[in-house]
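The structure appears right after this line, and notes come after that.
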Number of protein chains: 2
Amino acid sequence: MSEPTDPRLRLRVVFGDGRMVGPGKADLLELIRDTGSISAAGRAMRMSYKRAWSLVEEMNAAFREPLVARTRGGAQGGGAALTAAGEAVLSHYRAIEAAAAEAGAPDIAAIRGMLRDISDGK
Amino acid sequence: MSEPTDPRLRLRVVFGDGRMVGPGKADLLELIRDTGSISAAGRAMRMSYKRAWSLVEEMNAAFREPLVARTRGGAQGGGAALTAAGEAVLSHYRAIEAAAAEAGAPDIAAIRGMLRDISDGK
DNA sequence: GGTCGTTATGTTTCGCGAAACATATGGACC
DNA sequence: GGTCCATATGTTTCGCGAAACATAACGACC
């Protein structure tokens with residue numbers, strides 16, 4: 001239900017030193033961009049604020065320039081937004097996803113075709 | 001040390017129903033092919049026999065035809081080998097990896113270039 | 001200066017997958 | 001029939017990341 005019916009390929013880009021970017025970070029970036037808030041983004045993906053916050057910390061620490069700019073206090077309490085670097089990383093990640101899905105499509109289909117049909121009457 | 005210094009892209013192919021193929025299963029298949037044994041393959045990747053065995057169970061259950069053929073007893077106690085289906089799934093998975101790495105290379109490099117240099121004197 | 005909502009961070013509790021441990025079974029071979 | 005080694009499974013223990021809980025700080029606005 002909340003699970004998208006047909007996610008095909010999940011991929012993470014792994015650099016040394018435990019630094020990596022995967023679906024979780026990408027979705028978080030996207031939601032921060034859309035909501036303007038770390039906590040709202042976290043809520044949207046049913047993730048605790050703390051976890052969302054620590055992912056942001058990780059990303060900001062991993063890159064030369066922070067991906068997420070945060071402001072504290074103010075009328076609305078504060079907020080967060082993607083920096084140009086954040087936008088760039090997100091869009092590159094989506095591009096990798098798209099390119100990989102397309103490039104791998106034939107072989108994915110081949111494996112898919114070998115799966116047992118489970119039209120279970122559950 | 002046992003970690004390859006520069007793993008680039010880790011990907012898993014996700015089908016519905018919790019069925020998926022990722023780096024772990026692929027490596028396991030490969031090692032079973034090379035060693036002729038589930039337990040030897042498990043040892044090679046520092047994985048308990050039980051875990052290796054249950055991954056094999058999973059895979060054999062997920063596909064129409066088993067990917068791993070096992071024999072029990074005998075002079076050497078038994079063994080395991082890849083079926084044609086197993087060889088096929090493995091080779092398709094490697095093909096997806098290769099295609100994805102190539103197709104995503106430019107964007108991967110772009111993100112890589114934005115990383116902070118961590119020439120830490122640790 | 002009180003309100004408000006968000007960011008910021010520390011501490012504690014907890015669930016669950018993984019590991020560890022324990023056995024049983026099969027069968028070729030001598 | 002005993003040996004050997006790998007497959008086959010069940011049971012228990014355990015570590016660790018995640019969640020839960022708890023506060024503090026910030027600052028525009030009224």
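Letters A, B, ... mirror the listed sequences (proteins, then strands); counts begin at 1.
For the pair Leu55(B) CG and dT7(D) P, the interatomic distance rounds to 14 Å; values are reported in whole Å. Rounded to whole Å, atom P of dC5(D) lies 17 Å from atom CZ of Arg72(B). Summarising the geometry, the separation between CD on Gln76(A) and C1' on dC29(D) is reported as 10 Å, rounded to the nearest angstrom.
Between Val89(B) and Leu67(B), the shortest heavy-atom distance links the atoms CG2-CD2, 3.9 Å. Nearest heavy-atom pair, Gly24(B) versus Met45(B), reported as atom, atom and distance to 0.1 Å: O-CE, 4.0 Å.
Checking Ser48(A) against Gly74(A), the closest nucleotide of DNA chain D that is more toward the 5' end is the one next to Ser48(A). Both Gly73(A) and Met47(A) lie close to DNA chain D; mapped to their nearest nucleotides by heavy-atom distance, the more 5′-ward contact belongs to Met47(A).
A salt bridge does not link Asp107(B) to Arg94(A): none of the charged side-chain nitrogens sits closer than 4.0 Å to a carboxylate oxygen. A salt bridge is defined here as a Lys NZ or Arg NE, NH1 or NH2 lying under 4.0 Å from an Asp or Glu carboxylate O, and Arg8(B) with Glu97(B) fails to meet this definition.
A 4.0 Å heavy-atom criterion places the boundary nucleotides of DNA chain C facing chain A at dG5(C) to dT11(C), written 5' to 3'.
As judged by a 4.0 angstrom heavy-atom cut-off over every strand, Gly78(B) is placed among residues touching the sugar-phosphate backbone only.
A heavy-atom distance below 4.5 Å is not found between the side chains of Val13(A) and Arg10(B).
No side-chain donor from either of Thr35(A) and Ser37(A) sits under 3.5 Å from a side-chain acceptor of the other.
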